[in-house]
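Worksheet: one structure, shown below.
Computed from a predicted structure; not experimentally measured.
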Amino acid sequence: MSVSRAPDVSVIVIVYNDAARLPRAVDSVLRQTLDNLEILIVDDASTDDSFAVAERFAAEHPDKVRAIRLPHNSGGCSRPRNEGIDQARGTFVMFLDSDDTLDRHACKNMLVAAEETGSDLISGLCVRVHESRKGKQTPWYPELYAERAVLDSLDERPELLYDTLSTNKCYRRAFLDEHELRFPEGLHYEDLLFSARAYLAANRITLIPNTVYQWRVVEDAKVRSISNRRGELRNFADRLTIHRRIDEELHGEEHRALKLRKDIKFLQHDLVLYLWGLPFQTEEFRREFIPMAQEYLATLDPRAFRQAKHIPALAAYLVLRDDWPNLLTAIDMVLNRTKVCAPLHRRDGRVYWCAEHLDDELGRAVLDVTDLVTWSKPLNLVWLGNDLTHYSSTGGSLRLAGLIVNPLDRIAPTAKLSARLEFRSRRKKLAMTTVHVPVDSVRHTPEGLVWETTVDLTRTLHPVGVLDPVWDVRMDLTVDGVVTTSRIFATSLPEDARRIPIRPRLSKAVGDHVVPFITDKGHLSFTITHEGAIARKGRELVLRTADSPFGHKLVATARKQITRTGARKREAFRLARTALAKLPVRKGLVVFESHLGLRYSDNPRYIHEELRRSGARFEAVWVYAESRAGFPKDATLVKRGSWAHYKALAQAEFWIDNQGVLGDAVKNPGTTYIQTWHGSALKRMGFDMPSVKQSDAAAQARLQKGVDRFDYFVVRSEHDVDTLMAAYRLRAEPLRVGYPRNDALADKDAGTADVEALRAELGLVDDPRRIVLYAPTFRPRGEDEDFEMPFDLERWVAELGEEFVLLVRTHYLDEVELPPSLAADVRDASTTHDVTPLLRLADVLITDYSSLMFDYALLDRPMVFYTYDYDAYTRQSRGAYFELAEQAPGPLAGDQDALFAAMREVEGMRERYADRRRAFVKSYGEYDRGTAAKEIVARFFPTGGAQ
């Protein structure tokens, strides 16, 4: 008698009233590359055909699918999942919701990892698939899954507390039973508690760098999921109950650090989810919400308020103090993180969010925004809060008034003020229809800048109709000739806010009124609608058939409105680019680009300047991305992505670039592409990067197509050949000449005029202190995360300010906001186009993993490596080609204390690391002889070209 083999994996699919999407979910399991699995479809007493669909699958696949129906609806995910666990026969268990799908290899990848590591819990990458945005995918905490990791406890990776999904994980069934791990029934947010308990109980956790779960998101779903109903107090109460239970699991000294991390997560994630919508709730809702939140916030570790992200922590503190007026402005900044929406308060040389609560030590720490709020930026770069104080309409006339915040009286009472409203279609391709209307009055008051105006929308606003249904409102405020733009913030509109009649360009048949509404971020906008049966029928007719008179009118007018935009523009542009490549090459035409057009700098700059000195006949075109400032006046400047840019690329004899010419630019057969690159490699690059290895074939093909255009690749050592050229699978010929930007570093007799000019520009001519340059590399961050200084600048000034002046130069993809109060001792050098004079100016370099280490070593000066995230960056993130700790020509400092200690020993460091610096240059700069630019010009421009 044969005994059937137990399934390797049981996939529990839960469903409630989702008959339409259930087949897609189940099919994603049936198509798994792992064959020995079972599918348990657990129906939570649906009232639609969900269970009939489940039974059909069970009938069609009797050896693989079982259909289970609960007798009563449980109202959540816990009961059906627990039923599935109890009935599962597999060695491992996974969960799938009926509206989501599994990656085809999910079960096999999970099982292989489990068998190889013996882990109780295996977790893989989840991607959010935005179905209403053409399937756009966003990974869920991808940094956790950059590479495979095997953990013996949660303490090794506490940030896993942010990935609380139960569905991107695989659990050993015996492990669940041994620790009595089940989902809490009768509560929402069951995943948070289940995942926390599983993380803590697991004897081993494996993270795999594979996509396993596809979380399918429908932003405009008519019925919101339980977890997205954040306007329900029961929803918030359940989340607090779950967090309290997690706190019980983390009770005890051994979990103190994890408890702190969980508290920080609550402040900057869980609570924020509810604060987003709090301004738009009723007063009754807020009266119940605030005490509930206060009671739980009072139980958190006070250190969490100091260590969490500043603005969420500030908002949480104001909840704790039940300060609704100041909390409202804080929530506005949570929603709009670059806005200055509070008047601010100055005390003892520090700037605070408000004047209240400064008698409390925690309040002073959390409310101190001296180094955070952007109020001190140039006014044209500041986004000021602008609160709507009055809204009314009569007929086509709209009456508005508001109050613009004036932080720390930044705008003087004597300033000349004017303003205008801007009504702009949200459809960016119709930007030409934007309407500007002068504001009747704007005046200075002690509370801020008060404005009021009346607009006749019937005469002013003429949308196309159908194509531009939403219109946003902005205000341009002019202060002594300087313009700053703001959005108008409101938490609600009057109950009697009326429809306002308008005259669309496609006639009233497609919409005859606009209706005001408040966006998710609290801003005033309008949407086009129609009133009356005739208008509705006309609109339906236009949308239903393009052969009708209305349809023809729609198409004809739309073509006029989107001239040179949309699909027609893209197709025409594609054909034109291809045609441009058929044009003859213009001898001597050279297109230069550095760092995607952001700067006039790096190797392309030094080749350009050598061409000038050489007397070669050439025509220079420089590509700029944002501003023309800093680019050479004797060159033709073209904006990146413009028609002039593509045309120049098509006719150029040479492309000289340090990163990557536009991917869709067609290279002329007569064009020579000299890729100079922009630094030797410590971190893995190209096809060696985990993110590229994990990308799909199409993405890898695009990368390969782009680098296959290189004809020559500049290298400064054989290390570049073995790493960069190999990593990008280059067919280009290596130019073993060194970096042109390093000629001035390698040549001890190079002139210093540019260095002295930079010294004067930075105000350092009469400063006797030694100059320290801090130049970190780029680190991937979340969408809402900005670059932050990783060490305390005030401590730097206090301990080292008398001996050193600090220059901060961020990566070109980053920007930094330095405290104005420290301007005498800490200067921002990030906007300086060219880094070479900065390196020559600096007496000491502090860096981390930046390729500048290879260049600065040529100067034979001290270097300190501030590697506070060494393991995460070099091993868990991108990986490295060599062990920096073994070869670094300077000490590695793992924290602030070590960094400051190293700086106090900088003189001894000069001699102590001399041999390492020489060995470093020999290994990574063997071709940097001070003649790179001359050698390139001599080879490719021996007699020049046509002027």
Seminar exercise, completed: So CD1 of Ile246 and OG1 of Thr241: to nearest 0.5 Å the spacing works out to 11.0 Å
Exercise. How about Tyr296 and Phe236: are their ring centres within less than 6.0 Å of each other?
Worked result: no
Problem set entry | Working for ring pair (Phe, Tyr, Trp, His ring centres under 6.0 Å), residues Phe865 and Tyr849 | CA-CA 8 Å; Phe865 295 83; Tyr849 321 102; 8.7 Å; no
Exercise. Ser166 and Ser195: side-chain donor and acceptor closer than 3.5 Å?
Worked result: no
For this session: Using atom types as modelled and distance alone, determine if a side-chain donor or acceptor of Ser78 lies under 3.5 Å from a backbone N or O of Pro184.
Result: yes
Exercise. If you measure only the distance, is there a donor-acceptor pair under 3.5 Å linking the side chains of Thr370 and Tyr352?
Worked result: no
For this session: Verify whether one side chain among Asp163 and Tyr145 offers a donor that lies under 3.5 Å from an acceptor in the other.
Result: yes
Problem set entry | Working for salt bridge (charged side-chain N to carboxylate O under 4.0 Å, His left out), residues Arg245 and Glu249 | CA-CA 7 Å; Arg245 292 195 183 180; Glu249 298 287 336; over 6 Å; no
Seminar exercise, completed: The reported gap from CD in Glu190 to CD in Glu185 (rounded to nearest 0.5 angstrom) is 10.0 Å
For this session: Without swapping roles, check the side chain of Thr389 against the backbone of Ala401 for a donor-acceptor pair under 3.5 Å.
Result: yes
For this session: Determine, step by step, whether Thr206 and Leu121 satisfy the side chain to side chain contact (heavy atoms under 4.5 Å, CB included) criterion, reporting the C-alpha distance in whole Å, the side-chain angles of both residues, the deciding distance to 0.1 Å, and the verdict.
Result: CA-CA 6 Å; Thr206 296; Leu121 190 161; over 6 Å; no
Exercise. Quick one: does Glu284's side chain get under 4.5 Å of Arg286's, heavy atoms only?
Worked result: no
Seminar exercise, completed: Contacts of His523 meeting side-chain hydrogen bond (donor to acceptor under 3.5 Å, both in side chains) (sequence neighbours excluded), chain-then-number -> Lys339
Problem set entry | Chi angles and distances behind the ring pair (Phe, Tyr, Trp, His ring centres under 6.0 Å) call for Phe183, Phe95 | CA-CA 12 Å; Phe183 291 88; Phe95 303 105; 5.2 Å; yes
Exercise. At what distance, to the nearest 0.5 angstrom, does NZ of Lys521 lie from CG of Asn336?
Worked result: 5.5 Å
Problem set entry | Among Asp238, Asn235, Thr164, the one residue meeting side chain to side chain donor-acceptor pair (under 3.5 Å) with Tyr189 | Asn235
Exercise. If we ignore angles and hydrogens, is there a donor and acceptor under 3.5 Å between the side chains of Tyr162 and Gln268?
Worked result: yes
For this session: Check the pair Glu356 / Arg321 against salt bridge (charged side-chain N to carboxylate O under 4.0 Å, His left out), numbers first and verdict last.
Result: CA-CA 10 Å; Glu356 294 77 20; Arg321 300 303 296 262; over 6 Å; no
For this session: Could you grab the distance from atom CG of Leu160 to atom OG of Ser123, nearest 0.5 Å is fine?
Result: 7.0 Å
Exercise. Hey, mind stepping through Arg350 and Asp368 against salt bridge (charged side-chain N to carboxylate O under 4.0 Å, His left out) and telling me if it holds?
Worked result: CA-CA 7 Å; Arg350 305 296 295 173; Asp368 188 335; 3.0 Å; yes
Problem set entry | Between Tyr868 and Tyr870, ring centroids under 6.0 Å | no
For this session: Check whether any side-chain heavy atom of Trp383 lies under 4.5 Å from a side-chain heavy atom of Thr484, and answer yes or no.
Result: no
Exercise. Do Thr167 and Trp215 get their side chains close enough for a donor-acceptor pair, meaning under 3.5 Å?
Worked result: no
Problem set entry | Rounded distance [0.5 Å steps], CG in Leu275 versus CG in Leu328 | 11.0 Å
For this session: Start with the C-alpha gap between Lys262 and Asp247, add the side-chain angles, then the distance that decides, and say whether salt bridge (charged side-chain N to carboxylate O under 4.0 Å, His left out) holds.
Result: CA-CA 9 Å; Lys262 196 238 68 169; Asp247 293 344; 2.6 Å; yes
Problem set entry | No-hydrogen, no-angle side-chain donor-acceptor test under 3.5 Å, Asp848 and Thr777 | no
Problem set entry | Distance-only donor-acceptor check, side chains Trp451 and Asn386, under 3.5 Å | yes
